[in-house]
Amino acid sequence: MRILVTGGTGYIGSHTVVELQQGGFEVVIIDDLSNSYAGVVDNIEKITGVRPGFERIDLSCEEKVMDFFLRNNGISGVIHFAAFKAVGESVEQPLKYYRNNLLSLINVLKGMEMHGISPIVFSSSCTVYGQPDMLPVTENSPLKKAWSPYGHTKQVSEEIIANTASVTQINSILLRYFNPIGAHDSALIGELPIGIPNNLVPFITQTAIGKRECLSVFGNDYNTPDGTAVRDYIHVVDLAKAHVTAISRLMKSENRQKVEIFNIGTGNGFSVLEVIQSFERISGQKLNYRFAPRRPGDIEKVWADTALANHVLGWKTEKNLDDMMASAWKWEKSIRGKYE
Ligand code: UD1
């Protein structure tokens, strides 16, 4: 059971490789290291005792992807993470996002089709829902027009997979993640933002450790209990386990449709201030923050209806917000002074 994990040295990819190996799967990673480090492979090996295969390939290059599939005929499933994910950058450089995110997926699907490989788990996002009319958001909620090229690549990718699955041997599970945070308990792998973090939790931990002066809380006039925006934060290890469950389901042909879609969150919404309070509780230190204007494009609130993932996929989260923040803090302290 050899699984190709594209983007396997990235944040969610690396945690998933660990869970796959610990679940008895053999893994080969493809990553171009455009937003991650080769040393992640060493750290995965330190955690699991097994070194995953690794090839540095730009998946948007069709020739290289076809060559990879020709040389690796033992692959029985694919988990496709490789993509650019910075929302703001995608607005500045849309072609970079469409080119990379869509071509990579197209090439992977073509390789799978040619070599008769069926299962693919795809990393989608709750961003496809925009600001939903009803909360919690179910998988049947209508998709809203994407406000960023990044979000649009996720919507189009879902359609590319569905169209391809309908006429090929390919079967797919699309996982729509909510907000992944936290790090592995070992503090050997975690999120490594390059430059100034866009996301809330790395910004909190970098502020606490002294790398940033002050966290700006974007907006305190939202229609939420404390006025700050609400998200469904999920521990990256819980999220990684959802991928193992999903690929196993496809490999055992337990899926009921060619393409199945699951929300992957905790089902609980927390405000920015609640996340800060959790951080202060687990770290025992006060965080320097101030209120700032709303960030353009941010939605007010979203959290998942996870009934389908819980009942059909048979997966549920195990970690709470304090676990997430404690692991993120442990990770930030462990990388102090490294990766500068
Ligand atoms: C968004 C997308 C998510 C995508 C991710 C990629 C939605 C609902 N989510 O996450 O699918 O994968 O971008 O980057 O579209 N915040 C601050 N100060 C900061 C940073 C963030 O107050 O310095 C606030 C934001 O305004 C937001 C919350 O923290 O309310 C979470 O922000 P962030 O971590 O950036 O994630 P999303 O924008 O929710």
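When reading the values below, keep in mind they use all heavy atoms of this one structure, side chains included, and skip hydrogens, waters and symmetry mates. Numbering of ligands and ligand atoms starts at 1, following listing order.
Atoms of ligand 1 found under 4.0 Å from any heavy atom of Ser216, numbered from 1 in the order shown, are 17 (C), 18 (N), 19 (C), 22 (O), 23 (O). Each of the atoms 6 (C), 14 (O) of ligand 1 lies under 4.0 Å from some heavy atom of Lys85. Within ligand 1, counting atoms from 1 as listed, the ones closer than 4.0 Å to a heavy atom of Asn198 are 20 (C), 35 (O). When each atom of ligand 1 is checked for a heavy atom of Thr127 under 4.0 Å away, the hits are 11 (O), 15 (O). Listed by number with element, the atoms of ligand 1 under 4.0 Å from a non-hydrogen atom of Leu215 are 18 (N), 19 (C), 23 (O). If you number the atoms of ligand 1 from 1 as listed, the ones under 4.0 Å from a heavy atom of Ala229 come out as 30 (O). Distances below 4.0 Å separate heavy atoms of Ile299 from the following atoms of ligand 1: 8 (C). Atom numbering of ligand 1 starts at 1 in the shown order; those under 4.0 Å from a heavy atom of Val217 are 22 (O).
The heavy atom nearest to atom 9 (N) of ligand 1, considering only Ser124, Cys126, Gly151, is found in Cys126.
For atom 19 (C) of ligand 1, a protein heavy-atom neighbour is present inside the 4.0 Å cut-off.
Remark: distances from the non-hydrogen atoms of Tyr129 to ligand 1 are all 4.0 Å or more. At a 4.0 Å cut-off, not a single heavy atom of Trp303 sits close enough to ligand 1 to count as contact.
Looking at atom 39 (O) of ligand 1, its nearest protein heavy atom turns out to be Arg231 NE, 2.5 Å. In terms of protein heavy atoms, atom 35 (O) of ligand 1 is closest to Arg295 NH2, 2.8 Å. In this structure, atom 25 (C) of ligand 1 lies nearest to the protein heavy atom Asp298 OD2, 3.3 Å. When hydrogens are left out, the protein atom nearest atom 16 (N) of ligand 1 is Phe218 CD1, 3.7 Å; that is the closest non-hydrogen contact. Among protein heavy atoms, atom 37 (P) of ligand 1 sits closest to Asn179 ND2, 3.5 Å. Regarding atom 12 (O) of ligand 1, its nearest protein heavy-atom neighbour is Tyr150 OH, 3.1 Å. Here the protein heavy atom with the shortest distance to atom 33 (P) of ligand 1 is Asn199 ND2, 3.4 Å. At the shortest separation from atom 11 (O) of ligand 1 among protein heavy atoms lies Ser125 OG, 2.5 Å.
Here the side chains of Ser104 and His80 are in contact, with some heavy-atom distance below 4.5 Å. Under the 4.5 Å side-chain criterion, counting only non-hydrogen atoms from C-beta, Leu308 is not in contact with Leu313.
Of the N and O atoms on the side chains of Tyr98 and His152, at least one donor lies less than 3.5 Å from an acceptor on the other residue. Between the side chains of Ser34 and Asp32, at least one donor-acceptor pair of N or O atoms lies under 3.5 Å. Residues Glu113 and Thr168 have side chains that never bring a donor and an acceptor to within less than 3.5 angstrom of each other. Side chains of Asn199 and Tyr11: a donor-acceptor N/O pair is absent below 3.5 angstrom, by distance only. Counted by atom type alone, Ser278 and Asp322 present one or more donor-acceptor pairs between their side chains at under 3.5 Å. Side-chain contact annotation: Glu89 with Tyr150, donor-acceptor N/O pair under 3.5 Å absent.
Interatomic distance, NZ of Lys258 versus CD1 of Ile161, reported as 12.5 Å (0.5 Å rounding).
Closest non-hydrogen pair, Ser283 versus Trp329, comes out as CB-NE1, 3.5 Å. The two atoms that bring Ile117 and Ile75 nearest to each other are CG1-O, 3.6 Å, heavy atoms only.
Ligand 1 has no N or O atom lying under 3.5 Å from any N or O atom of Val87, backbone or side chain. Between Val302 and ligand 1, no N or O atom pair is found at a separation short of 3.5 Å. Residue Tyr177 has no nitrogen or oxygen atom sitting less than 3.5 Å from a nitrogen or oxygen atom of ligand 1, judged on distance alone. The N/O atoms of Trp147, backbone and side chain alike, include none that comes under 3.5 Å of an N/O atom in ligand 1.
The existence of a salt bridge linking Asp42 and Lys46 is excluded, since no basic side-chain nitrogen approaches an acidic carboxylate oxygen closer than 4.0 Å. Salt bridge present: Asp221 and Arg294 bring a charged side-chain N and a carboxylate O closer than 4.0 Å.
Residues Leu59 and Ile120 are members of one and the same hydrophobic cluster, defined by side-chain heavy-atom contacts under 4.5 angstrom among Ile, Leu, Val, Met, Phe, Trp and Tyr.
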